[in-house]
Amino acid sequence: MAQVRKTTHSRKTTASKNTSTRRSAARKGTKRAAPKRWSQRVTKESDALDLKRGVFKLTSPRKIAASLKRSAEHSARRKTGAYRSALSMLTFYINRAGKTLPKIQRERLEKAKVELKRAFGRE
């Protein structure tokens, strides 16, 4: 009987084609995990403030300032003074939103800073 010569060359080619096909299919089919949002963690876990939900979406700068003041004065999580904590959280929100923050909302939040100073008697 004739001896059949085994070659590894054809196996490698076939195997590498199969694995590359499987890999590309796996890449296309799987979704990446959502990136970790450190800013979200800061607002939830840090010793910042216990904010009312949706405070930065309010339409009036005066209402935003009043809500921040109320939260800062009643929060047990803050380490510094109420005014400083409220202003820091407002600035933090504006900075983290960056370029994605609509111009109208940015102007409203900047006016809320002035209202916050007025509410704390710092003007």
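Nothing here was measured: the structure is a model prediction, and the numbers come from that model. We number each residue from 1, following the sequence as shown.
- Closest heavy-atom contact between Ala72 and Ala82: CB-O, 3.3 Å.
- Here CD of Glu107 is found 10.0 Å from CG of Leu101. Values are rounded to the nearest 0.5 Å.
- The local environment of CZ in Arg106 is crowded, with over 12 non-hydrogen atoms from other residues, nucleotides or ligands closer than 6.0 Å.
- The backbone N or O of Leu116 lies less than 3.5 Å from no partner atom in the side chain of Lys69, so there is not a single donor-acceptor pair.
- Annotation: ring pair (Phe, Tyr, Trp, His ring centres under 6.0 Å) contacts involving residues 59-86, sequence neighbours excluded, comprise Tyr83-Phe120.
- Among residues two or more places apart in sequence or in another chain, the salt bridge (charged side-chain N to carboxylate O under 4.0 Å, His left out) test is passed with Glu110 by Lys113.
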Check against side chain to side chain contact (heavy atoms under 4.5 Å, CB included), Ser85 and Met89: CA-CA 6 Å; Ser85 292; Met89 190 54 81; over 6 Å; no

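- Note that the OG atom of Ser75 and the CG atom of Leu68 stand 11.5 Å from one another [nearest 0.5 Å].
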Side-chain donor-acceptor pairs under 3.5 Å in residues 56-66, sequence neighbours left out?
residue : atom : partner : partner atom : Å
Ser60   : OG   : Arg62   : N            : 3.3
Ser60   : OG   : Lys63   : N            : 3.4
Arg62   : NE   : Glu115  : OE1          : 3.4

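- Residue-environment remark: NZ (Lys111) stays at or below the threshold of 12 foreign heavy atoms within 6.0 Å.
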